[in-house]
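It should be emphasised that the depicted structure is a prediction, and the values quoted were computed from it without experimental measurement. Proteins come first, then strands; the chains are lettered A, B, ... in the order of their sequence lines, and each starts at number 1.
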2 protein chains.
Amino acid sequence: MDHASPTSAKAPPRKDPQKADPTRIERLCIERGLKMTGQRRLIARVLSEAEDHPDVEELYRRAIALDSKVSIATVYRTVRLLEEKGILERRDFGGGRSRYDPADRGQHHHLIDIETGTVIEFEDEEYERLVQSIAARYGFTLVQQRLELFGRKDPALAAAEAKRRSAAPASKKDGE
Amino acid sequence: MDHASPTSAKAPPRKDPQKADPTRIERLCIERGLKMTGQRRLIARVLSEAEDHPDVEELYRRAIALDSKVSIATVYRTVRLLEEKGILERRDFGGGRSRYDPADRGQHHHLIDIETGTVIEFEDEEYERLVQSIAARYGFTLVQQRLELFGRKDPALAAAEAKRRSAAPASKKDGE
DNA sequence: ATAGTTGCAAAGGCTTTGCGTGCTT
DNA sequence: AAGCACGCAAAGCCTTTGCAACTAT
């Protein structure tokens, strides 16, 4: 993970928190030529700060916690817009609701612990190569993909993992 | 596809079409100790004959075409039951509805043509090995997985594919 | 006979939408 | 100024469920 930068804002306080520092996602919105309203800036900020995979209701909760000037309909509309613009990716980890994942964090997939709901993100070059070649095998160019692994922590394997743990990969508990 | 047997019934007509020949899925239901009603037999039959990935409404349509003694609520209930029993797998190819896939057809994944909706099923040993090892890497035993590739037919690649086409893989047009 | 199943219609959860008002460009 | 975005509440999907009648074991 090369793009990871601490969430904490080290920048000195500015006059208007809304216009202070265009967040990662806000910048993308502007690039794509979206009209930036206060609500969109707010949602963009929540998304930029999110390190998990929130659903619409969770985004809504976080947004109103910051500002309280959004309706859930707008969150739905915005999230759909951003998905169409390729800024957000919609995921389905089961449970009915869609979850959202900023698309600028690079290609990654999910390993879900079926006991605890913990979501581990991972990347794998070999896998990437392989699916490209599978698609090509059928004459297709890959446009999108979805890979989710659901598993259970295995004591034996976990011990083995503990040993080789050195470059700690991202791993965080996600709701569900 | 080794298990594929023609849909047409070549067997000599029996007394009761309902009890005649327990279908593949029906047999599984019985093994799991499910109480077999006419409706369940009917749905089991539709599922056994399906070579695509129908959603509930499609199952319902096919079922009433055969017999017309089912309600859609029962289809929903049955499909959920069979999923819990591990007889059916629920898929989400986008579009809101869940699609169903008999679990006894072996491990396979899907490549979806985003232009036409065509669904290609494929298997890949190397992939299977790889994801096992990815899960193990994090100390997990794989319990379930979901892999869907969405792509667009690429003229250049398609030409290449046409050449090497010898062992024709399964490929069928699916609704949506 | 009994526990489980079905149909029907109503309810539920998530998401979208119509409409009048308000704000960005 | 003009068009697009917002909020609100109503409506739309897909799916589940309460209840009374029915059926497989």
Side-chain angles (χ1 to χ4, degrees), chain A residues 16 18-19 22 25-26 29-46 53-61 63-64 66-85 87-100 175-176, chain B residues 16 18-19 22 26-27 29-44 46 53-61 63-64 66-85 87-88 90-100 175-176:
Chain A
D16 181 358
Q18 209 72 298
K19 304 206 79 171
I25 303 290
E26 183 181 344
C29 291
I30 295 169
E31 276 176 31
R32 308 291 209 279
L34 296 183
K35 186 188 283 190
M36 290 314 289
T37 65
Q39 289 88 332
R40 287 188 182 168
R41 247 187 294 272
L42 181 57
I43 295 167
R45 180 166 155 212
V46 170
H53 308 85
D55 57 34
V56 166
E57 223 174 286
E58 180 59 29
L59 289 173
Y60 176 59
R61 255 191 300 273
I64 55 180
L66 290 179
D67 199 308
S68 82
K69 289 192 195 53
V70 218
S71 83
I72 195 158
T74 297
V75 179
Y76 271 107
R77 277 192 273 238
T78 303
V79 124
R80 184 144 73 96
L81 180 67
L82 299 203
E83 194 201 349
E84 283 163 7
K85 293 293 185 184
I87 297 174
L88 232 46
E89 274 170 24
R90 181 169 41 192
R91 311 272 183 184
D92 169 28
F93 295 161
R97 298 177 264 296
S98 293
R99 318 260 294 243
Y100 293 87
E176 156 58 3
Chain B
D16 182 357
Q18 208 72 299
K19 304 208 80 172
E26 183 181 346
R27 237 184 297 272
C29 291
I30 295 169
E31 276 176 30
R32 308 293 209 278
L34 295 182
K35 186 189 282 190
M36 290 314 290
T37 65
Q39 290 88 333
R40 287 188 182 168
R41 248 187 293 273
L42 181 57
I43 295 166
V46 169
H53 308 84
D55 57 34
V56 166
E57 222 174 286
E58 180 60 29
L59 289 173
Y60 176 58
R61 255 192 299 272
I64 56 179
L66 290 179
D67 198 308
S68 83
K69 285 190 197 55
V70 219
S71 82
I72 195 158
T74 296
V75 180
Y76 271 107
R77 277 192 273 238
T78 303
V79 124
R80 185 144 72 97
L81 180 67
L82 299 203
E83 194 201 350
E84 283 163 7
K85 293 293 183 185
I87 297 174
L88 231 47
R90 181 169 42 192
R91 310 273 184 184
D92 170 29
F93 295 160
R97 297 177 265 295
S98 292
R99 319 259 294 243
Y100 293 87
E176 163 65 353

Heavy-atom nearest pair, A:Arg90 first then A:Ser98, reads CD-OG, 3.1 Å
Measure from CG on A:Asp67 to P on D:dG7 and round the result to the nearest Å. 10 Å
On a heavy-atom basis, which atom in B:Cys29 and which in B:Met36 lie closest, and how many Å separate them? CB-SD, 3.6 Å
When A:Ile87 is tested against each of A:Lys85, A:Glu84, A:Glu89, A:Glu83 for side chain to side chain contact (heavy atoms under 4.5 Å, CB included), which residue passes? A:Lys85
Think A:Gln39 has a side-chain N or O under 4.0 angstrom from the OP1 or OP2 of C:dC23? no
Please report the C-alpha distance between B:Leu82 and B:Leu34 in whole Å, then the side-chain angles of each, then the deciding distance to 0.1 Å, and finally whether the side chain to side chain contact (heavy atoms under 4.5 Å, CB included) criterion is met. CA-CA 9 Å; B:Leu82 299 203; B:Leu34 295 182; 3.7 Å; yes
Report the distance from atom CG of B:Leu81 to atom P of C:dA3, rounded to the nearest whole Å. 19 Å
Can you build the contact string for nucleotides 15-25 of chain D? Use B for base contact, S for sugar-phosphate-only contact, and - for no protein heavy atom under 4.0 Å. BBBB-----BS
Return the value, rounded to whole Å, for the distance between atom CG of B:Leu42 and atom P of C:dT5. 17 Å
Could you give the CD1-to-C1' distance, from B:Ile64 to C:dT6, as a whole number of Å? 16 Å
Shortest non-hydrogen contact from A:Tyr60 to A:Val70? CE1-O, 3.5 Å
Name all residues meeting the side chain to side chain contact (heavy atoms under 4.5 Å, CB included) criterion together with B:Glu57; count only those two or more places apart in sequence or in a different chain, and write none if there are none. B:Asp55, B:Arg61, B:Ile72
